[in-house]
Amino acid sequence: MTENLNMLYKLDSIDAYARKLVKQIEVASIEVQDNHNQAYIKLISVDNKKSPITAKIEIDAQTKTGKLQPRISITVKSGTDLFEASGGRTVYEGYVINDIYCEEGNEYIDFTSRDDIIGLGQSIGEVDQDTYKRLQVSKTVEEHLEKELKFYKKITTGVDIMDHSKIISQKGIKVLSLFFIDKVANYRGYSIDGVPVQGKFAFWFEEEFTQQLRKPKYRILYPSVWDKNGDKFTINGQALKELASSVHNGYFAQDKKKDASGNPLFAESKLSAKGEGRCFSR
């Protein structure tokens, strides 16, 4: 019988709270509302088995009364006018289907008087996923600093300002925010010379952190990045940059294998269909 060590169980926030693994749950949602003021088109499939060649696409249409019908699927052929197919939505003016190309691996549609070329599974007029992810990073940084500020004020109330650092150190409590990411490379990679390089998540974090820390209300949390000249305070750009790079880090399962340049490869943790997996550590 094989012994399974370091089992990892998949719990959502409600399960974790019910098992008393966390004391509190907070949810901050991000939603784009009424993002229909540009032409949204997604190519779902193409079909050349019959004549004429057709494609299935997804668009935002409207009824005869002008009521929006977002994300509906329609079948089109060469010559289909999406202005008419959408029920007369002006954002689709000029989007007349030209070519429906069906070669496997190179499927696409284009238009007679528009420059857009849409590949299979691709879309235009949709909010980029990176925009959502960056907003999540920004919101997390803001919430983190607000919790730090709340905690700081709570434990230093009534305490002489000269003793603030001492009492915070004595409490031994700090705010910690975790990001669970899809790919290690989005946070950190290595150059061919073995030098660690930032992924886009790390880059976004540092930009959002420095932007938030410029707000005077957070000066009491990180006074070292502010220069005082008389009664005026100014941000020290270099100190802020160094702080931003020091307050975050990533912890990933590291394979024994190395790539062709000798850099470590990182193992992505995976869960089974039962929600179980193995827990890796560095």
Side-chain angles (χ1 to χ4, degrees), residues 10 12-14 27-139 179-187 199-201 203-204 268-275 277:
K10 184 178 180 182
D12 61 22
S13 57
I14 303 301
V27 177
S29 62
I30 297 175
E31 182 179 0
V32 176
Q33 296 181 340
D34 301 325
N35 183 44
H36 306 290
N37 59 352
Q38 54 186 335
Y40 167 76
I41 307 169
K42 181 176 182 179
L43 178 58
I44 299 174
S45 64
V46 295
D47 186 357
N48 62 355
K49 294 178 181 178
K50 297 180 180 179
S51 182
I53 296 173
T54 60
K56 181 176 287 188
I57 66 172
E58 193 174 65
I59 64 172
D60 293 333
Q62 66 182 15
T63 65
K64 292 181 179 180
T65 60
K67 183 179 179 181
L68 185 68
Q69 294 180 305
R71 305 308 193 254
I72 67 166
S73 296
I74 62 172
T75 299
V76 298
K77 61 183 180 179
S78 180
T80 299
D81 188 338
L82 297 191
F83 171 72
E84 296 178 358
S86 67
R89 298 199 67 224
T90 57
V91 293
Y92 288 102
E93 288 182 345
Y95 281 99
V96 179
I97 302 293
N98 178 37
D99 189 18
I100 300 175
Y101 196 71
C102 299
E103 181 183 15
E104 187 174 355
N106 294 311
E107 301 93 334
Y108 71 85
I109 59 173
D110 63 8
F111 307 92
T112 58
S113 56
R114 296 283 185 171
D115 295 331
D116 301 279
I117 299 174
I118 306 174
L120 187 64
Q122 297 178 342
S123 64
I124 62 171
E126 189 173 35
V127 176
D128 183 65
Q129 288 300 308
D130 278 358
T131 301
Y132 281 114
K133 292 173 183 177
R134 178 152 186 164
L135 285 171
Q136 289 176 314
V137 171
S138 178
K139 185 62 176 178
F179 295 87
F180 295 91
I181 64 177
D182 51 355
K183 295 179 181 179
V184 174
N186 282 337
Y187 178 78
K200 59 185 178 182
F201 292 166
F203 179 75
W204 295 344
E268 309 285 353
S269 297
K270 296 181 179 180
L271 296 175
S272 69
K274 297 180 180 180

Could you pull out all residues at least two apart from Thr80 that satisfy side-chain hydrogen bond (donor to acceptor under 3.5 Å, both in side chains)? none
For Phe203, is the CZ atom crowded, meaning more than 12 foreign heavy atoms sit under 6.0 Å from it? no
Using the side chain to side chain contact (heavy atoms under 4.5 Å, CB included) criterion, which residues pair with Asn106? Sequence neighbours excluded. Tyr101, Glu103
What distance do Ile117 atom CD1 and Leu43 atom CG have between them, rounded to the nearest 0.5 Å? 12.5 Å
Locate the shortest heavy-atom distance separating Ser73 from Ile44; write the atom from each residue and the value. OG-CD1, 3.5 Å
State, to 0.1 Å, how close Lys77 and Ile100 come at their nearest heavy-atom pair, and which atoms those are. CA-CD1, 3.7 Å
For the residue pair Ile97 and Phe111, establish whether any side-chain heavy-atom pair is separated by less than 4.5 Å. yes
Side chain to side chain contact (heavy atoms under 4.5 Å, CB included), that's the test. Do Gln136 and Phe179 meet it? Break it down for me. CA-CA 10 Å; Gln136 289 176 314; Phe179 295 87; over 6 Å; no
Residues at least two apart in sequence or cross-chain that pass side chain to side chain contact (heavy atoms under 4.5 Å, CB included) with Ser78, listed by chain then number, are none
Where the side chain of Gln62 meets the backbone of Gly87, is there a donor-acceptor pair that is under 3.5 Å apart? yes
Would you find a donor on one side and an acceptor on the other, under 3.5 Å apart, between the side chain of Asp110 and the backbone of Asp99? yes
Restricting to pairs with a member in residues 113-125, which pass side-chain hydrogen bond (donor to acceptor under 3.5 Å, both in side chains), not counting sequence neighbours? Tyr95-Asp116, Ser123-Glu126
Taken in chain and number order and not counting sequence neighbours, the residues that satisfy side chain to side chain contact (heavy atoms under 4.5 Å, CB included) with Lys67 are Thr63, Thr65
Sequence neighbours excluded, which residues qualify as salt bridge (charged side-chain N to carboxylate O under 4.0 Å, His left out) partners of Asp81? none
Verify side chain to side chain contact (heavy atoms under 4.5 Å, CB included) between Val91 and Gln38, making sure each step is shown before the conclusion. CA-CA 6 Å; Val91 293; Gln38 54 186 335; 5.5 Å; no
Straight-line distance of Ser86 OG to Ile74 CD1, nearest 0.5 Å: 8.0 Å
Please, which pairs that meet ring-ring contact (aromatic ring centres under 6.0 Å, His included) have at least one residue in residues 37-63, sequence neighbours excluded? none
Heavy-atom side-chain proximity of Arg71 to Asp60 below 4.5 angstrom: yes
Just verifying a value: how many Å separate Phe201 CZ and Lys183 NZ, rounded to the nearest 0.5 Å? 9.5 Å
Tested for side-chain contact (heavy atoms from CB on, under 4.5 Å) against Val76, the lone hit among Ile109, Leu82, Thr54 is Leu82
Sequence neighbours excluded, which residues qualify as side chain to side chain contact (heavy atoms under 4.5 Å, CB included) partners of Asn48? Ile53, Cys102
Can you sort out the partners of Lys42 under salt bridge (charged side-chain N to carboxylate O under 4.0 Å, His left out), two or more places apart, ordered by chain and number? none
How far does CH2 of Trp204 sit from CG of Asp130, to the nearest 0.5 angstrom? 3.5 Å
List the residues meeting salt bridge (charged side-chain N to carboxylate O under 4.0 Å, His left out) with Lys56, not counting sequence neighbours, and say none if there are none. none
